[in-house]
Amino acid sequence: MDELIEAAKQQRERAYVPYSHFAVGAAVTVDGHVFTGCNIENASYGLSLCAERNAMFAAVMAGYTHLDAIAVIADTPGPVSPCGACRQVMTEFFAPDAPVTLTNLKGDTLETTVSASLPGAFEKGDMNA
Ligand code: THU
């Protein structure tokens, strides 16, 4: 897991955050591969994309839709808290018990799971009549 945190930390250095100045890094692992993401903002603020989604979508674009674990890091007082949209996207691509590691630059770490991150998430099955 330290390796995944380190990958997230490295990618965080590439965050494009001229508006919030809040850099986030994320890394996902699947079948021994690591995909990373950072947040990328835009002058049209609503177009900004979170680190977590960029990391997950990088894995999906490489052909993986069943991901194993995710780590997220930012310079926060405690372990970084992923936004609701990213929690929803995690629900799509990870098993409910997949490990989610939330940390900060000081090393405060919270180990949780995808299902614990978003109780009541909207899922495929919710669309069945
Ligand atoms: N952000 C992330 O990248 N991940 C999170 O978990 C929380 C928020 C980004 C979005 C925006 O670029 C900046 O942090 C401030 O909201």
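In each ligand, atom 1 is the first atom listed, and ligand 1 is the first ligand listed.
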Using a 4.0 Å cut-off to any heavy atom of Ser20, which atoms of ligand 1 qualify? 13 (C), 15 (C)
Cluster check Leu118, Val89: I/L/V/M/F/W/Y, side chain < 4.5 angstrom: no
Residue, atom and distance of the protein heavy atom nearest atom 9 (C) of ligand 1 read Asn39 ND2, 3.3 Å
Can you check whether Ala116's main-chain N or O pairs, donor with acceptor, with Thr113's side chain at less than 3.5 Å? yes
Shortest protein contact, atom 6 (O) of ligand 1 (heavy atom only): Glu52 OE2, 2.5 Å
Counting from 1 in the order shown, the ligand 1 atoms closer than 4.0 Å to a non-hydrogen atom of Cys83 are 6 (O)
Are any side-chain N or O atoms of Asn39 and backbone N or O atoms of Phe22, one a donor and one an acceptor, separated by less than 3.5 Å? yes
Check whether any side-chain heavy atom of Glu123 lies under 4.5 Å from a side-chain heavy atom of Thr91, and answer yes or no. yes
Could you walk me through whether Thr36 and Gln11 pass the side-chain hydrogen bond (donor to acceptor under 3.5 Å, both in side chains) check? CA-CA 6 Å; Thr36 59; Gln11 185 62 74; 2.7 Å; yes
Donor-acceptor pair, Asn54 side chain versus Cys38 backbone, under 3.5 Å? yes
Is there a heavy atom in Ser81 that sits closer than 4.0 Å to ligand 1? yes
Min side-chain heavy-atom separation Leu105-Arg12 under 4.5 Å: yes
What I want to know is whether Ala51 and ligand 1 share at least one N or O pair that is separated by under 3.5 angstrom. yes
min-distance protein heavy atom vs atom 16 (O) of ligand 1 -> Phe22 CD2, 4.8 Å
Any heavy atom of Cys50 under 4.0 Å from ligand 1? The part involved is both
Is there a heavy atom of Pro82 sitting under 4.0 angstrom from any atom of ligand 1? yes
Tell me the protein heavy atom at minimum distance from atom 12 (O) of ligand 1, and give that distance in Å. Glu41 OE2, 2.5 Å
